[in-house]
Visitor: 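Have a look at this one.
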Amino acid sequence: MVSLETHLASVLRESGPLAPVTVPIEQGLGLRLAADIVAVHALPTVDNSAMDGYAVRRASVAGASPAAPVRLRVVADIPAGSGDDPALRDGECARIMTGAPVPSDADAIVPFEATTLGTDIATAAPEAIDVTNEPRPAAHIRRRGEDIEPGELVLPAGARLGARAVAAAIAAGATTAVVVPRPRVAVVSTGDELLPAGAPLTRGRIPDSNSPLLAGLVTEAGAELARVERAGDEPGPFIDALYALARDVDVVITTGGVSVGAFDVVRIALEERGVEFHKVAMQPGKPQGFGRLARSDGEGRSGPLMFCLPGNPVSVFVSFEAFVRPALRALAGEVGPAHIERVGIASEGWRCPPGRLQLMPVRTLGVDGNGRSAIAPATAGGSGSHLVARLARADALAIAPADAADVRVGDELTIWEVLP
Ligand SMILES: Nc1nc2c(c(=O)[nH]1)N[C@H]1C(S)=C(S)[C@@H](COP(=O)(O)OP(=O)(O)OC[C@H]3O[C@@H](n4cnc5c(N)ncnc54)[C@H](O)[C@@H]3O)O[C@H]1N2
Ligand code: MOO
C-alpha cells in the first residue's frame, strides 16, 4: 500500500498547468492569467470632473463666499461623453457633469452645491451662476493617469481573472487575456448493474449516482464538463468509448471496476494502457488507478490523465477531494491548498480502520472561541463507503491518522471544508 501523500505526489507530478490560450477577456472570468496585462491607455483617459457642477478658472472666483458670491457667465455645457474643449475667458465657466472632460482653460470644479442656485438644475444650463465658495486648486478634478499610466502593470501573470480583474483590464484598454484554460473533463461510470436515473429497478440493478456526483463536483470545481457516459463490464466497448472521448479532453474520471473482482473492467482494460493501479492506505478510496492514457492511434501525443476511482459512492467523493480536485486546480494553474483546513473536535466517537488514514464525512456543529469546529459523523454507520444517502449532510472531511484505532469524544482532528 502507498500513502495518500505518495499517491497525491504522483498525481501532481503529472498535473502541471495546461498550455495557455488567448481568449476575449470576459471569457477568461475565473481563470488564471498566464501573461501580464498592461494598461493600453491612461486611466482616467483624460482630466475629468468628479462632480456635477461648473468648470471654472480659479482666478475668476477668488474670494467668493456665501456673503460675497461671485457671478460667472455659463458659456458651455459639457455632458459626460462630450469631446468638447470650450475656451473659457475670465468671468466665464462651463456647466459640467461627472466624468466629462475638464476644459483645458479650467483649473477647478465648483459643485452645484457651492452656487446660490444649488442643485435646482434644469435641462438647459443657466445663463449665469453665483459661486459661494472659492475652490482649492484642482478641486474635484480627476487627473489623467492618476489611476494608471499606459504600459503600467494592471494584473500580473498568475493572478486570478476575477470580476474586478476583468473590469480593471477592460477599463485600461485590454481586450484579450492569455489564460490557463479550464481542464476539459469526461466522466465514465462503469458497471453492468447501473441504470439511468428513474429507470425501473430489477433485483441487483441500481441507479447510476456516481456520474451525476462527479459531473457536479467537476462543475463546482470550475472545470469544464465535456462528456458523461456509462459503460458496462465488457472491456472492448469500454476501451472504444474511452478512446472516442479521449481525443478532446484533458482528464477522464472513471468509477468502478478497479478492485480485484472478476469483472473489474477498468483495471483489466487499462493496466496495459498506461494506468497504474495501487492500494492507497486510506479509507474509503483504497483502490486507485492513475496515469496517462496511452494513445492507440500512434500519433505519439500523450492522452488524457486518467483517474480510475473505486465504485463505492463515498469512495468516489473522498477520492475526488483527495486527488482529483488538487489535480484540476493544478491543471488550471491554481496554487495553494485545495481545501480550507480547520481543527475539528469530535463530539461523538467512531471506529477507524487499522493502518489506513480515514477521511470521515462529518457535519460541523458550531465553532468554539478558538475557531475549532465541533464535528459528528454525517452518515449513520461510520465511514462505510456505500453510505450515499446522507453524504450530502457532510460539510467537511475529518482526517483520522492511520495509527488511530478509534476517534474519541474530545479528540482533535484536521478537517477539510467541502461544499455541502
Ligand atoms: N476481495 C476484495 N474485494 C474488495 C476489495 C479488496 O481489496 N478485496 N476492496 C473493496 C473496496 S475498499 C472497494 S472501494 C471496492 C472497489 O470496487 P470497484 O471499484 O471495483 O467498484 P465496483 O465493484 O464496480 O462497485 C463497488 C460498489 O459501488 C457500487 N457502484 C459502482 N458504480 C456505481 C455508480 N455509478 N453509482 C452508484 N453505485 C455504484 C457498486 O454497485 C458496488 O456496490 O471493492 C471492494 N472489494
Ligand atoms: O476503499 Mo473502499 O473505498 O474503503 O470502500
Visitor: Under a 3.5 Å distance rule, please check whether Arg342 uses its side chain to pair with a backbone N or O of Thr414 as donor and acceptor.
Guide: no
Visitor: Does Glu417 form a side-chain contact (heavy atoms from CB on, under 4.5 Å) with His339? I'd like the steps, not just the answer.
Guide: CA-CA 6 Å; Glu417 282 188 5; His339 298 95; 5.9 Å; no
Visitor: Out of curiosity, Ile78 CD1 to Asp84 CG, how far, rounded to the nearest 0.5 Å?
Guide: 7.0 Å
Visitor: Please answer whether the main-chain N or O of Ala346 pairs with a side-chain N or O of Asp411 as donor and acceptor at a distance below 3.5 Å.
Guide: no
Visitor: Where the side chain of Asp192 meets the backbone of Gly232, is there a donor-acceptor pair that is under 3.5 Å apart?
Guide: no
Visitor: Ignoring hydrogens, what is the shortest heavy-atom contact between Ala55 and Ile96? Give both atom names and the distance.
Guide: N-CG2, 3.8 Å
Visitor: Please check if atom CD in Glu26 has more than 12 non-hydrogen atoms from other residues, nucleotides or ligands closer than 6.0 Å.
Guide: no
Visitor: Hey, what do you get for CH2 (Trp350) to CG (Asp406), rounding to the nearest 0.5 Å?
Guide: 10.5 Å
Visitor: Determine, stepwise, if the pair Arg325 / Trp416 fulfils side-chain contact (heavy atoms from CB on, under 4.5 Å).
Guide: CA-CA 12 Å; Arg325 184 186 295 280; Trp416 292 346; over 6 Å; no
Visitor: Report yes if the side chains of Met51 and Phe112 come closer than 4.5 Å at any heavy-atom pair, otherwise no.
Guide: no
Visitor: Shortest non-hydrogen contact from Val275 to Cys308?
Guide: CG1-SG, 4.0 Å
Visitor: Any non-hydrogen side-chain atom of Gln288 less than 4.5 Å from a side-chain atom of Leu309?
Guide: yes
Visitor: Is a side-chain N or O of Arg58 found less than 3.5 angstrom from the main chain of Pro135, in a donor-acceptor match?
Guide: yes
Visitor: Using side-chain heavy atoms (C-beta onward) and a distance below 4.5 Å, is Val179 in contact with Val21?
Guide: yes
Visitor: Take Val131 and Tyr54 through the side-chain contact (heavy atoms from CB on, under 4.5 Å) test and state the conclusion after the steps.
Guide: CA-CA 9 Å; Val131 175; Tyr54 303 93; over 6 Å; no
Visitor: Would you list the atom pairs, donor with acceptor, under 3.5 Å between side chains in residues 384-397 and any protein atom, with sequence neighbours excluded?
Guide:
from	atom 1	to	atom 2	distance (Å)
Ser385	OG	Asn312	ND2	3.2
Arg393	NE	Ala378	O	3.4
Asp395	OD1	Thr364	N	2.9
Asp395	OD1	Thr364	OG1	3.3
Asp395	OD2	Thr364	OG1	2.8

Visitor: Could you go through the side-chain hydrogen bond (donor to acceptor under 3.5 Å, both in side chains) check for Asn210 and Ser189 one step at a time?
Guide: CA-CA 7 Å; Asn210 283 348; Ser189 59; over 6 Å; no
Visitor: Heavy atoms only: give me the nearest Val314-Pro361 pair and the separation to one decimal.
Guide: CG1-CG, 3.9 Å
Visitor: Evaluate whether atom CZ of Arg205 has more than 12 neighbouring non-hydrogen atoms of other residues, nucleotides or ligands under 6.0 angstrom away.
Guide: yes
Visitor: Between Phe277 and Phe290, is the ring centroid distance below 6.0 Å?
Guide: no
Visitor: Taking the side chain as every heavy atom from C-beta outward, state whether Val418 and Phe317 have any pair of such atoms under 4.5 Å apart.
Guide: yes
Visitor: Find the distance between CD1 (Ile399) and CE (Met282) and round it off to the nearest 0.5 Å.
Guide: 9.0 Å
Visitor: Please check if atom CD in Glu276 has more than 12 non-hydrogen atoms from other residues, nucleotides or ligands closer than 6.0 Å.
Guide: no
Visitor: Looking at Arg329 and Gly336, what are the two nearest heavy atoms and their distance?
Guide: NH2-O, 3.5 Å
Visitor: side-chain contact (heavy atoms from CB on, under 4.5 Å), that's the test. Do Leu217 and Glu321 meet it? Break it down for me.
Guide: CA-CA 9 Å; Leu217 290 169; Glu321 294 300 331; 4.1 Å; yes
Visitor: Above 12 or not: heavy atoms from other molecules or residues under 6.0 Å from CD of Glu234?
Guide: no
Visitor: Measure across Leu88 and Ala106 and return the closest heavy-atom pair with its distance rounded to 0.1 Å.
Guide: CD1-CB, 4.0 Å
Visitor: With the side chain counted from C-beta on, respond yes when Val11 and Val324 share a heavy-atom pair under 4.5 Å apart, and no when they do not.
Guide: no
Visitor: Does any N or O in the side chain of Asp250 come within less than 3.5 Å of the main-chain N or O of Arg184, such that one atom is a donor and the other an acceptor?
Guide: yes
Visitor: Working to the nearest 0.5 Å, report the span between OG of Ser315 and CG of Leu359.
Guide: 10.5 Å
Visitor: Could you tell me whether the side chain of Thr190 and the main chain of Thr255 form a donor-acceptor pair under 3.5 Å?
Guide: yes
Visitor: Can you check whether Glu412's main-chain N or O pairs, donor with acceptor, with Arg372's side chain at less than 3.5 Å?
Guide: no
Visitor: Quick check: does any side chain N or O of Gln358 sit under 3.5 Å from a backbone N or O of Arg351, one acting as donor and the other as acceptor?
Guide: yes
Visitor: For Val180 and Pro17, work out which heavy atoms get closest and say how close.
Guide: CG1-CB, 4.2 Å
Visitor: For the backbone of Ser259 and the side chain of Arg267, can you confirm whether one donor and one acceptor N or O come within less than 3.5 Å of each other?
Guide: yes
Visitor: Are Ile239 and Arg273 close enough that some pair of their side-chain heavy atoms sits under 4.5 Å apart?
Guide: yes
Visitor: Are side-chain heavy atoms of Ile25 and Ile37 found at a separation under 4.5 Å?
Guide: yes
Visitor: For Ala42, is there any backbone N or O sitting under 3.5 Å from a side-chain donor or acceptor partner on Arg144?
Guide: no
Visitor: Between CG of Leu72 and OG of Ser60, what distance do you get to the nearest 0.5 Å?
Guide: 6.0 Å
Visitor: Are any of the side-chain heavy atoms of Cys93 and Ile129 separated by less than 4.5 Å?
Guide: yes
Visitor: Distance check, rounded to the nearest 0.5 Å: Met1 atom CE versus Thr6 atom OG1?
Guide: 12.5 Å
